[in-house]
Amino acid sequence: MEMVNLYINGKEVAAPTGSTIMQAADLAGIEIPRLCYDPDLSALGACRLCVVEVKGNRLLPASCVTPVMSGMEVFTESPAVIEARRTILELLVANHPLDCMTCDKLGACKLADYCYHYGVKESPFAGGEKHQYKCDDSNPFIIRDLNKCILCGACVRACEEMTGQDNLSYLYRGFHRKATTAGDVDYAQSDCVFCGQCVALCPTGALTEKTMAGQGRRWEIERVRTTCPFCGTGCNFDLAVKDGKVIGVLSNPDSPVNGRSLCVKGRFGWDFIYNEKRLTTPLIKKNGQFEAASWDEAFDLIAQKFNAIKDEYGPDSFAALSSARCTNEENYLVQKFTRAYMGTNNVDHCART
Amino acid sequence: MAGLATTFGSGAMTNPINDISNEAELMLLIGTNTTEAHPVIGYKMRQAARKGCKMIVCDPRRIDLVDDADYWIRHNPGTDIPLLNGMMHIIIKEGLEDKEFVAERTENYEALKATVEAYNPEYVAELTGISVDDLYTVARLYATTDKAMIFYTLGITEHICGTRNVMSIANLAMLTGHVGRPGTGVCPIRGQNNVQGACDMGALPNVFPAYQAVNNDEIRSKFEQAWGVSLPANIGLKIPEMFEAAHAGKVKAMYILGENPVLTDPNANHIKEALENLDFLVVQELFLTETAEFADVILPAASFSECDGTFTSTERRVQRVRKAIEPLPGQANWQTICQMSTRLGYTMQYDHPGQIWDEMAALSPSMAGINYERIDQVGLHWPCPSTDHPGTPFLHAGKFTRGLGIFQPSDHIPPGEMPDEEYPFLLSTGRILYHYNVTTPYSKGINSMWDREQAEVNPLDAEKLELETGSRVIVTSRRGQVSSEVKVSDRVMPGMIWMSFHHTATPTNELTSHHLDPITGTGEYKVCAVRIEKIE
């Protein structure tokens with residue numbers, strides 16, 4: 001790979017030819033703030049928060065779309081850069097609800113993080129017109145509050161470039177510009193497939209998981225990485241756990257197969273765990289009705305019946321159906337039990353269905 | 001699975017999923033509605049197609065990916081073999097086969113050549129309903145593209161000729177040398193999260209873990225030593241045979257873990273009778289399912305979020321499942337199975353599922369190199385014979401698992417039941433994006449959005465039957481009757497109705513065919529004959 005050398009904040013760094021200043025900085029471990037840039041999406045250069053100073057350039061170029069050149073001298077936190085970033089953030093918060101105290105995204109909100117970093121408390125531009133959009137609460141999975149949208153376009157690009165659903169685009173002009181569905185209808189009325197990639201990539205509270213609303217602050221959530229229990233693709237994600245309870249599913253960019261992409265089942269179907277119809281105690285049928293029983297009672301009855309049937313009719317009078325939904329370890333145990341104890345190879349699962 | 005196991009020596013997906021994005025130049029999809037049944041793989045296919053990878057979709061339904069496809073082959077249901085044979089006929093006639101690959105890596109080529117000789121384009125066009133021109137185009141495109149992958153799912157296997165369908169796909173891939181390299185291969189995308197793993201673990205009547213035959217004396221004696229018992233040598237019953245045997249009173253007791261055959265297996269009424277006929281049934285389940293209703297004892301199961309363990313994905317990648325919360329029934333499933341076995345008289349004692357894995361791996365050469373420590377961050381693809389082995393993302397490089405790949409030519413086998421005067425519509429079934437078999441209806445969010453069956457009916461038929469989207473119909477087959485709402489859509493061809501099987505209120509499998517693939521026992525879910533009547 002051909003490399004170019006450049007200087008970032010006075011430090012000499014090497015980056016592959018054709019990379020952007022931001023990529024070169026990332027490679028060198030120098031953090032440049034960004035709102036619209038995402039490594040999984042095409043670079044848009046829209047938010048301008050990633051501007052840097054380049055010696056000899058009278059403008060401040062956006063580092064996410066500016067290619068590196070040999071000998072380039074870049075400054076990522078010069079006074080001019082900091083002033084520009086502060087102004088950008090002030091412009092953004094001028095038309096942003098400052099309800100961070102109750103916003104579910106706080107802790108994972110990049111806008112809040114950068115405002116904290118650059119000390120932006122309030123906006124000198126406040127007092128102008130503010131959006132008064134109705135919150136899209138049309139579906140059980142995603143809350144869409146476009147008052148918090150900063151038009152970074154991550155949702156539009158995620159829908160197009162990750163899922164390929166093309167359900168989102170930009171509508172209207174100027175102050176009224178919106179990242180929304182065709183015809184500006186609610187998600188439930190649109191072609192949305194509720195994969196939630198837009199939620200996973202949204203840097204603010206504009207798109208949030210409905211199940212997580214009010215369930216806990218982001219920093220209180222324990223993330224447990226696991227594998228999706230629905231289809232055979234093998235997507236990984238993190239279960240969001242608070243106080244011993246699953247409250248949601250969060251994408252994990254380290255997932256080898258799916259990255260941050262999931263489908264509606266993986267991201268939002270987990271709540272079957274807490275369906276009130278879950279069985280929590282053994283049940284024994286008596287006179288045609290199920291009655292709750294202890295584990296001991298259940299195991300005693302099973303042992304008595306299985307052993308009696310095996311003794312009377314032979315091992316092949318028993319058959320076990322194992323499960324393509326259960327773990328390898330459970331499947332191993334079922335076939336071992338069936339073969340080693342019941343003495344039959346009558347074990348199968350629904351591979352054929 | 002049996003089809004690829006016979007031709008290649010291994011029934012698993014040959015190449016990794018990420019070959020779609022990184023390697024493939026052509027994707028041939030046949031009988032897979034990927035964006036709905038395996039959405040994340042579907043996204044990758046769509047991205048690849050938009051970046052210039054060619055895509056051919058062979059499907060009687062206008063599935064979503066048709067919109068991104070270069071070619072859509074809308075062949076009649078149940079005519080996959082003629083379609084594939086027709087492609088091979090053209091490839092051989094035009095000398096487009098990979099002669100070197102065929103000579104060095106395969107056997108039985110002459111038999112294939114003789115069989116496909118009869119499938120001239122005109123004959124194939126007549127059987128499949130596609131045009132001769134399209135057949136030429138896709139045959140040439142597949143044969144002349146260097147890196148071409150084939151994907152299929154249940155649209156291929158859920159036929160009376162499912163195994164022969166798979167073999168025909170394998171024939172096409174071997175004929176053109178599209179196996180054993182990145183960006184090529186034959187990829188059956190497995191349905192459930194751990195259907196690959198359940199097979200790998202030996203939850204099959206003929207094999208121990210890692211596909212080691214129960215009727216092989218040497219292998220059996222290895223397991224006998226490890227488990228301290230003597231083991232049966234005779235091959236056990238497959239699912240449909242189990243239910244037949246229960247019907248006949250030969251199988252008296254069953255244990256069912258996490259499966260709901262009453263809703264998901266074909267010809268459901270027959271299954272119910274079989275379950276009723278058992279002396280004793282134990283079901284271990286999350287919910288009181290249609291199958292659990294028949295149980296004498298129900299053991300409450302723990303969900304994936306409550307157990308440690310592993311799943312093996314469709315690309316043979318073994319990945320960790322982690323316990324995030326305490327099991328709602330108080331104990332994990334592995335503990336329940338161990339306690340049950342111990343109570344019966346066979347002690348099973350483990351401290352952690354990792355020990356169960358290690359016991360299995362020690363007995364399974366193809367997984368011996370995989371352990372929890374190695375897959376902590378990123379899973380490993382088996383075969384992985386030793387702990388210093390990097391795993392095997394793609395199979396059959398340089399050599400097939402069975403040595404030479406064997407062509408298994410097949411003639412057209414029509415579906416077991418076709419529409420007639422009494423039952424004039426062809427019913428085909430499948431999954432929809434929003435549901436996964438029988439767990440998702442218990443997700444309140446999902447079920448609040450998609451709570452009922454919407455049978456797809458073509459606009460031409462809808463007009464004749466005076467139906468519109470939202471109308472209700474009675475659908476009747478020779479085996480049963482269900483009611484459903486209708487969605488008028490040109491996704492289905494005229495004369496066809498398509499339904500899913502997720503909804504208890506519309507148990508579609510009461511209608512489906514009793515015909516089975518004679519080799520695997522897979523039901524012919526994709527074709528049966530029905531009558532449709534409007535409910536006024």
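Because the structure is a prediction, the values reported are computed rather than measured. In what follows, every chain begins at residue 1, and chains take the letters A, B, ... in the order their sequences are listed.
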A/L239 portion near chain B, given a 4.5 angstrom heavy-atom threshold: side chain
Report which part of A/E297 has an atom under 4.5 Å of a heavy atom belonging to chain B: side chain, backbone, both, or neither. neither
Taking A/K210 first and then A/D137, would you say they form a salt bridge - that is, a charged N and a carboxylate O separated by under 4.0 Å? yes
Would you mind checking which part of A/C228 comes under 4.5 Å of any heavy atom in chain B, side chain (CB onward), backbone (N, CA, C, O), both or neither? backbone
So what's closer than 4.5 Å to chain A heavy atoms on B/F208: side chain, backbone, both or neither? both
How about A/D316 and A/T344: does a side-chain donor come under 3.5 Å of a side-chain acceptor? yes
Largest heavy-atom contact set with chain B, pairs under 4.5 Å, which of A/K277, A/K285, A/R278: A/R278
Between B/N234 and chain A, with a heavy-atom cut-off of 4.5 Å, which part of the residue counts as in contact: side chain, backbone, both or neither? both
Give, as side chain, backbone, both or neither, the part of B/I189 having an atom under 4.5 angstrom from any heavy atom of chain A. neither
The interface call for A/E291 against chain B, heavy-atom contacts under 4.5 Å, is neither
Does a donor on one side chain sit under 3.5 Å from an acceptor on the other, for B/K44 and B/N18? yes
By a 4.5 Å heavy-atom criterion (distance strictly below it), what part of B/F243 contacts chain A: side chain, backbone, both, or neither? side chain
Chain B heavy atoms under 4.5 Å from A/E160: which part of the residue, side chain, backbone, both or neither? both
Name the member of B/G309, B/G197, B/G445 that forms the most heavy-atom pairs with chain A at distances under 4.5 Å. B/G445
Could you tell me which residues satisfy side-chain hydrogen bond (donor to acceptor under 3.5 Å, both in side chains) with B/E326, sequence neighbours excluded, listed by chain and number? B/K323
Highest number of heavy-atom pairs under 4.5 Å with chain A among B/P353, B/G354, B/C338 belongs to B/P353
Please determine, by modelled atom types, if A/Y332 and B/E359 share a side-chain donor-acceptor pair under 3.5 angstrom. yes
Between B/R50 and A/D166, is there a side-chain N and carboxylate O pair less than 4.0 Å apart? yes
With sequence neighbours excluded, what pairs up with B/F280 under the ring-ring contact (aromatic ring centres under 6.0 Å, His included) test? A/F306
Which answer fits B/M242, side chain, backbone, both or neither, if we ask what part of it has an atom under 4.5 Å from a heavy atom of chain A? side chain
If you tally heavy-atom pairs under 4.5 Å between each of B/S303, B/A245, B/A332 and chain A, the highest tally belongs to B/S303
Answer yes or no: does atom NZ of A/K310 have more than 12 heavy-atom neighbours from other residues, nucleotides or ligands under 6.0 Å? yes
What option among B/V251, B/V229, B/D517 has the most heavy-atom pairs under 4.5 Å with chain A? B/V251
When the 4.5 angstrom heavy-atom criterion is applied to A/T281 and chain B, the contacting part is backbone
So, the part of B/Q196 with a heavy atom under 4.5 Å from chain A: the answer is neither
For residues A/S138 and A/Q189, is any side-chain donor paired with an opposing acceptor at under 3.5 Å? no
Can you tell if the side chain of B/Y442 reaches within under 4.5 Å of the side chain of A/I273, non-hydrogen atoms only? no
Just wondering, are more than 12 heavy atoms of other shown residues or ligands nearer than 6.0 Å to NZ in A/K242? yes
Contacts of A/F268 meeting ring-ring contact (aromatic ring centres under 6.0 Å, His included) (sequence neighbours excluded), chain-then-number -> A/F141
Roughly how far, to the nearest 0.5 Å, is CG of B/L516 from CD1 of B/I239? 11.0 Å
Where does A/D296 contact chain B at under 4.5 Å (heavy atoms): side chain, backbone, both or neither? both
Could you tell me which portion of A/R225 (side chain, backbone, both or neither) has an atom closer than 4.5 angstrom to a non-hydrogen atom of chain B? both
Assess the side chains of A/S42 and A/E161: does a donor N or O sit below 3.5 Å from an acceptor N or O? yes
Listed by residue number, which members of residues 334-343 of chain A have a heavy atom under 4.5 Å from any heavy atom of chain B? A/V334, A/Q335, A/K336, A/F337, A/R339, A/A340, A/Y341, A/M342, A/G343
Quick check on B/V207 against chain A: is it the side chain, the backbone, both or neither that has a heavy atom closer than 4.5 Å? backbone
Sort B/Q377 into side chain, backbone, both or neither according to what part of it lies under 4.5 angstrom from a heavy atom of chain A. both
Note: vs chain A, highest number of non-hydrogen pairs under 4.5 angstrom among B/D67, B/D68, B/V214 is B/V214
Considering only heavy atoms, which portion of B/L281 lies under 4.5 Å from any heavy atom of chain A: side chain, backbone, both, or neither? neither
Just so I understand: if I count every heavy-atom pair under 4.5 Å between each of A/V193, A/T227, A/V224 and chain B, which residue has the most? A/T227
Under 4.5 Å to a heavy atom of chain B? For A/L301 that would be both
Heavy-atom distance under 4.5 Å to chain A: side chain of B/M348, backbone, both or neither? side chain
Residue B/R322 versus chain A: region with a heavy atom under 4.5 Å: both
Please determine, by modelled atom types, if B/Q331 and B/T336 share a side-chain donor-acceptor pair under 3.5 angstrom. yes
Counting heavy-atom pairs under 4.5 angstrom with chain B, the leader among A/I309, A/I302, A/V264 is A/I302
Options B/P329, B/A203, B/G330, B/S448, ranked by heavy-atom pairs under 4.5 Å with chain A, top entry: B/A203
Which bit of B/A49 comes within less than 4.5 Å of chain A, counting heavy atoms only: side chain, backbone, both or neither? neither
Which atoms of B/R317 are under 4.5 Å from chain A, going by heavy atoms: the side chain, the backbone, both sets, or neither? side chain
Donor-acceptor pair, A/T233 side chain versus A/C235 backbone, under 3.5 Å? no
Is any NZ, NE, NH1 or NH2 atom of the basic residue among B/D296 and A/K305 found under 4.0 Å from an Asp or Glu carboxylate oxygen of the other? no
Side-chain H-bond candidate by donor/acceptor type, A/N167 with A/D191, under 3.5 Å: no
Between CH2 on residue B/W334 and CD1 on residue B/I337, distance to nearest 0.5 Å: 10.5 Å
Side chain, backbone, both or neither of A/V241 within contact of chain B (heavy atoms, under 4.5 Å): side chain
Rounded to the nearest 0.5 Å, the CZ atom of A/R267 sits from the CZ atom of A/R260 at a distance of 9.5 Å
Is the closest basic N to carboxylate O distance between B/D308 and B/R320 below 4.0 Å? yes
The interface call for B/P261 against chain A, heavy-atom contacts under 4.5 Å, is side chain
For a quick test of reading the model, state the closest non-hydrogen atom pair linking A/A240 to A/M212 and the distance between them. CB-CE, 4.3 Å
